[in-house]
Amino acid sequence: MYTGKIALIMAIMQILKYPDPRLRLKASPVDLVDNDIKDLVNDMFETMWHANGIGLAATQVDIHKRIVVMDLNGDGSAPRVFINPEIEVLDPTFASYEEGCLSIPDVTESIERPSKVTIKALDQDGKSFQEDATDLLAVCIQHEIDHLEGKLFVDYLSSMKRQRIRKKLKKNRE
Ligand code: NI
């Protein structure tokens, strides 16, 4: 559940941490970009910047709607909103990038993904747009859309590696 009232009290939201099962839920499309959604987007930006992230999916704050916020500069200078984002692969050549995730703290792993995609989404005003993406934008949008599907970057790793990461996170929390 989410209401504007909660937003006033709690602008910085709690980020779910792997292996929380709620990170595995599939998010539903946003029907209407109304004020509640806009409030949520603002809170997601605050939460992401506070945690020094460059991308955050609503799934990570336990809101199972298809919303992604991003700021590839990480300093508030390049905020981007993607509501109901969809991608199509333009260049299936894989590129690898050292990925991290706010839900999997202190872990980075090299992950391979298609190097060029086209993104279709709604912006923060509910207007649809389309954009071709390469480099970090292509990596980040694929990573965040995975979150909306209940998928995490560790799913691309071997089960042994995943096991090691779970142990490390558990130890860090103790
Ligand atoms: Ni992530």
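The residues of the chain are indexed from 1 along the displayed sequence. Remember, it's 1-based here, ligands and their atoms both numbered in the order they're listed.
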Visitor: Do other residues, nucleotides or ligands put more than 12 heavy atoms under 6.0 Å from K17 NZ?
Guide: yes

Visitor: Exactly one of K116, K120, R80 should register a salt bridge (Lys or Arg N to Asp or Glu O under 4.0 Å) with E131. Which one does?
Guide: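 That would be R80; it is the only one of K116, K120, R80 passing the salt bridge (Lys or Arg N to Asp or Glu O under 4.0 Å) with E131.
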
Visitor: Could you give the side-chain donor-acceptor pairs of residues 133-142 under 3.5 Å, partners two or more places apart or in another chain?
Guide:
residue, atom, partner, partner atom, Å
Q142, NE2, P114, O, 3.0
Q142, NE2, A138, O, 3.0

Visitor: Taking ring-ring contact (aromatic ring centres under 6.0 Å, His included) as the test, write out the residues that go with F45, two or more places apart.
Guide: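 Expected list: W49.
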
Visitor: Q60 and side chain to side chain contact (heavy atoms under 4.5 Å, CB included): which single residue from L152, L23, D20, L16 fits?
Guide: L23

Visitor: Quick one: give me the number of protein N/O/S atoms under 2.8 Å from the Ni ion (ligand 1).
Guide: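 Considering protein N, O and S only, the Ni ion (ligand 1) has 3 within range.
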
Visitor: Can you give me every donor-acceptor pair (side chain of residues 81-90, partner residue at least two apart or in another chain, under 3.5 Å) with its distance?
Guide:
residue, atom, partner, partner atom, Å
N84, OD1, V30, N, 2.8
N84, ND2, V30, O, 3.0

